[in-house]
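Before any comments, here is the structure.
Side chains are part of it too, since the values below use all heavy atoms of this structure and drop only hydrogens, waters and symmetry mates. Computed from a predicted structure; not experimentally measured.
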Amino acid sequence: MENFLKNEKSPYLKQHQNNPVNWYPWGKKALEKAKELKKPIFLSVGYASCHWCHVMAHESFENEMTASIMNEKFINIKVDREERPDLDHVFQKSLAILTGTPGGWPLSMFLDENGVPFTGGTYFPPKEIHGRPDFIKVLKSVSEVYGNNREKIINQATQITKIFEELNQKSSVINQNLQPYVEKVLTYLDTEVGGFKGSPKFPQFYVFDCLFYYFKKTQKKEFYLPVKKLLTNVCAKGLYDHLEGGIARYSVDEQWIVPHFEKMLYDNILFIELLVKFYQENKENYFKEKLLQTINFIHNKFVNSENLLGSAYDADSDGIEGKYYVWNYKDLKKILGEDFNIFEKNFYISENGNFENDNILIEKENLISNEKDRDNVKILKEKLLTEREKRNKPLFDDKSQTDLNTFWIKTLVHASEVLDNYKFFTKSLEFYETINKKLDEKIFHCYKDDTKVNVFLEDYTYYSLMLITFYESTGEEKYLIACEKVMLKAWELFFDKKNNLLHKNPINKNDLFVNPIDINDGNIPNGNSIYMYISNKLELILGTEDWKAKTETLMKCFHSYINLHSIQMFSYLKYLDIAEQKITFTFFGNPKNINELYKYTKKNYLNSATFIYKKNEKDYLVVCKNKTCSLPLTKINELEEYTKKNNIN
C-alpha cells in the first residue's frame, strides 16, 4: 500500500511510504483535509537515524489493525524533524506546555483540525509498559475526547498561542556581566567523568566551548578542567568509535560506556570545533590523532553522491541497535589471533562484555607507550575495521542540510590553520564550490536529488559564517562582499521589528499556528547568536552605522533574555562577550610577507577576534581592543607581549 509519502525525498519519510497508515507530509493538502472532514490530526515527528522512531514504526505504523484505527479516526502527518526544525521546535514546546513533560523523538502530537495541538506524548508502546499507555488505547481515547469536546478544544487555541508569547518574556536589562552565568553552570557538571551529572549523558559541546572561551579570557582553571575532563572521556570511551573515528549522539549511562549508537553530523562538527581549540592549547598528540581520525571519517563516510555531507547514521543494523559496532569476545580472539594480547593491553575486553554480552571498545587509562606496540595496535584496529566493513551497515541519511554543511566548512577552515594542513583547506574550498553550485544564488535548507526544501534562519547565518571565515582566513574581498549580501537578505527575511530579533522562519512564510521565535541553542548554536556574531564583525570590518545599529539592537535584546533563559543560551554568553570586547587584528600590506606572525594569529585568534585587511606599502599588524590599538607589529614576540599586557586571548 502506498500513501502520500511516495514522492517525498527525505530518507525518513521514504521509510514510511509503504506503511498501511495513510500518511500525509506536512502541508496544505493535509491541513485542508482535516478541516473538510472535521477530524483531529495525528502528527508524528522523527528522523531517519532515530532508534525509538523505528521501534514505534515496526510496532504500530506497520501494524494493519493499528493503522486502520489511525486512518479511521485521524488525518495522519509524518514529519522529518531535520527537514522542518521549525515545526519540531514548536511542537516540542507544545508538548511541554500541554503535559509538563520533556519532549523527544518520536514526537507524537494530537492537533485539532486547524493544526493547533491539544495533547501528545513521545513513544507509545503497543502494550502498556512502565506507565506508558498502549498506543491503540491512546488513539481511541483522544478520538473520543475530540468528538465529545470538539468546539471546546478548537476554542482553546488562543490560550496556547498566548502561552507561547509569554514564554518569550524579557527583562529590562540591556547590559550585564556575563561571567556569573557561566560560573553558575559549573555546579551541574560531573567532576569525575565530565559532562553534566546523571544520565543519559549528552556532550553538549557548545556549553563547553563557552567554558573554554572564558578560560582563554580569564585563565581560570575552573573553566578549563571541565573541558579537559569531557574531551578525555569522550575520546577514550564508548561514545567514540575507536576503529574509524567520530562520536555517537549520547551515552545511555553515566560513565560514557554505552552509546546510543546513531552518529549525527552536527555532534561531530561540534566535537571537532571544540577539540581543535583544545588541541591548540594543550598540544597533546593523543587529541591530534582523534582530530585527524574524525575529520577523515567525516570525509570518507558522510559525503553523499552529490559531494556534500549527509545528515546521520542510524543506530541500528539488521534491526538491532549497535550490532554494527560491538564485538563478541571469541570473535575478537579469532580475528586477532596471537596479537589479541597486544590489543587487550589497549582496550577493556571481557568474555561477558559491557553491552548485552558483547564488547564496546573502551581505551584503558594507561595506553601503550612503546612505539612499536602502538603501531601494532593501529594495524590491529585497521584489521578489525576491515572485518567490520563486511557487516550490514546502518542506514545513512544522505540528505544535505545547508546549515550543517556550511558549519562544517567553517570548522574545517579553522582546523586546517591549527593543524597546518593545507589539504583540509583545499577540501573546504571544494565543499564551498559544490554547495554554491547547488544553491544557484538561492539558499534552501535541504537538498536531495535536486529537490529543495524551505529555508530557515540557521541556513542563512551559517552560510554567512562560512563566508566571513573564508574572508578572515584569506583576505579575499569576494567572500566579504558575498557575506554582507547574504546577511542583509537574512535581515529582510527574518527580522521581527516588534521583538527585535530574528525568527526561525521567514516572517511572511509561516504555516504553523504561531510564528516560531526560537532563542535557545539546540543541536547547534542558535541562528540569532550567530547573526549577532557576524554582524559585529561586519561593523568592525566595514565601519558602517547600519551594521553598528543592527549589532546593538540584537545585543540589547539578547541581554534582556539572558536573565530568564541563560542555561539555554550559552552561545550568546560567548558571542555577546566577543561583541563587547571588539578585538580586531588588522593586517596592513601583504600579510604573507610577515607569514610567521600571520599563521600564528590565525591559529590562536581566528575564533575570538575579527581579522581585517588593508592595502598598504608596508607590511605589519595592528591589534585593537575597544578602539585602543597597538603600534605596528611584525614579530610573534611583539604580539605576545602586547596581548598579554592588554588581556587579549
Side-chain angles (χ1 to χ4, degrees), residues 193-194 203 228-248 251 253 255-259 261 263 268 271-272 275-276 278-279 282-302 313 317 322-391 393-394 415 419 421 423-424:
V193 293
K228 183 178 182 181
K229 187 72 74 173
L230 172 76
L231 290 175
T232 300
N233 278 277
V234 164
C235 288
K237 300 213 180 150
L239 209 67
Y240 191 83
D241 183 346
H242 296 282
L243 300 186
E244 195 168 33
I247 59 163
S251 172
D253 63 293
Q255 300 298 315
W256 303 104
I257 302 297
V258 180
F261 292 89
K263 287 181 176 178
N268 282 279
F271 173 56
I272 291 296
L275 195 55
V276 165
F278 186 75
Y279 169 70
N282 85 344
K283 296 292 192 298
E284 285 184 35
N285 197 54
Y286 173 80
F287 292 110
K288 183 179 181 180
E289 287 178 359
K290 302 295 182 184
L291 263 175
L292 293 171
Q293 189 182 34
T294 300
I295 291 171
N296 289 328
F297 159 69
I298 290 171
H299 291 164
N300 291 333
K301 293 300 170 75
F302 262 93
Y313 274 94
S317 55
K323 183 179 178 182
Y324 183 73
Y325 299 101
V326 299
W327 295 92
N328 177 271
Y329 183 80
K330 289 179 181 176
D331 289 342
L332 282 173
K333 290 198 83 169
K334 184 179 177 183
I335 295 162
L336 299 176
E338 61 187 24
D339 294 321
F340 176 80
N341 289 339
I342 297 172
F343 194 76
E344 200 176 19
K345 288 178 184 176
N346 227 63
F347 293 96
Y348 289 107
I349 303 164
S350 68
E351 288 190 55
N352 294 328
N354 51 20
F355 178 71
E356 298 177 0
N357 296 318
D358 284 322
N359 287 278
I360 297 165
L361 296 180
I362 309 292
E363 285 180 344
K364 290 186 174 178
E365 285 82 359
N366 299 312
L367 296 177
I368 293 170
S369 56
N370 178 288
E371 191 173 338
K372 184 182 177 184
D373 282 348
R374 276 208 318 269
D375 290 341
N376 283 337
V377 170
K378 284 181 183 177
I379 293 167
L380 296 177
K381 286 200 283 188
E382 287 169 11
K383 189 174 184 179
L384 286 178
L385 180 59
T386 302
E387 192 67 29
R388 195 175 79 177
E389 290 279 353
K390 297 173 186 176
R391 299 173 180 176
K393 295 175 178 60
L419 296 169
N421 191 315
K423 285 183 180 177
F424 287 162

Is there side-chain contact between [X] and [Y], with heavy atoms separated by less than 4.5 Å?
X      : Y      : answer
Phe271 : Pro203 : no
Tyr348 : Glu365 : yes
Ser251 : Ile257 : no
Phe287 : Thr232 : yes
Ile349 : Trp327 : no
Trp256 : Val193 : yes
Phe347 : Lys364 : no
Ile247 : Thr294 : no

All ring pair (Phe, Tyr, Trp, His ring centres under 6.0 Å) counterparts of Phe355, not counting sequence neighbours: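 Testing Phe355 for ring pair (Phe, Tyr, Trp, His ring centres under 6.0 Å), a comparison that skips the adjacent residues, returns Phe261.
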Taking every non-hydrogen atom, the tightest pair across [X] and [Y]:
X      : Y      : result
Asn359 : Gly353 : OD1-CA, 3.5 Å
Pro394 : Ser317 : N-CB, 4.0 Å
Leu385 : Leu243 : CD2-O, 3.7 Å
Lys290 : Leu275 : CB-CD2, 4.1 Å
Leu361 : His242 : O-CD2, 3.1 Å
Asn328 : Asp358 : CA-OD1, 3.4 Å

Using 0.5 Å steps for rounding, measure from the [atom1] atom of [X] to the [atom2] atom of [Y].
X      : Y      : atom1 : atom2 : answer
Leu230 : Phe278 : CG    : CZ    : 9.5 Å
Phe424 : Leu419 : CZ    : CG    : 6.5 Å
Leu380 : Asn346 : CG    : CG    : 9.5 Å
Lys263 : Tyr325 : NZ    : OH    : 4.0 Å
Lys372 : Ile342 : NZ    : CD1   : 8.5 Å
Glu284 : Tyr279 : CD    : OH    : 10.0 Å

Verdict with supporting geometry, Lys383 and Asp339, salt bridge (Lys or Arg N to Asp or Glu O under 4.0 Å): CA-CA 11 Å; Lys383 189 174 184 179; Asp339 294 321; 5.4 Å; no
Results of salt bridge (charged side-chain N to carboxylate O under 4.0 Å, His left out) for Lys229 - residues two or more places apart only: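 Counting only residues at least two positions away or on another chain, Lys229 forms no salt bridge (charged side-chain N to carboxylate O under 4.0 Å, His left out).
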Salt bridge (charged side-chain N to carboxylate O under 4.0 Å, His left out) against Lys301, all qualifying residues, sequence neighbours excluded: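 Result, salt bridge (charged side-chain N to carboxylate O under 4.0 Å, His left out) vs Lys301: Glu244, Glu389.
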Check the surroundings of atom [atom1] in [X]: do more than 12 heavy atoms from other residues, nucleotides or ligands lie under 6.0 Å from it?
X      : atom1 : result
Lys334 : NZ    : no
Lys283 : NZ    : yes
Lys381 : NZ    : yes

Results of side-chain contact (heavy atoms from CB on, under 4.5 Å) for [X] - residues two or more places apart only:
X      : value
Glu344 : Tyr329, Phe340, Asn341
Glu289 : Asn285, Lys378
Gln293 : Tyr240

Under 3.5 Å donor-acceptor, Asn354 side chain and Ile360 backbone: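 Such a contact is found between Asn354 side chain and Ile360 backbone.
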Asp253 versus Gln255, side-chain donor and acceptor atoms under 3.5 Å: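 Side-chain D/A pair, Gln255 to Asp253: absent.
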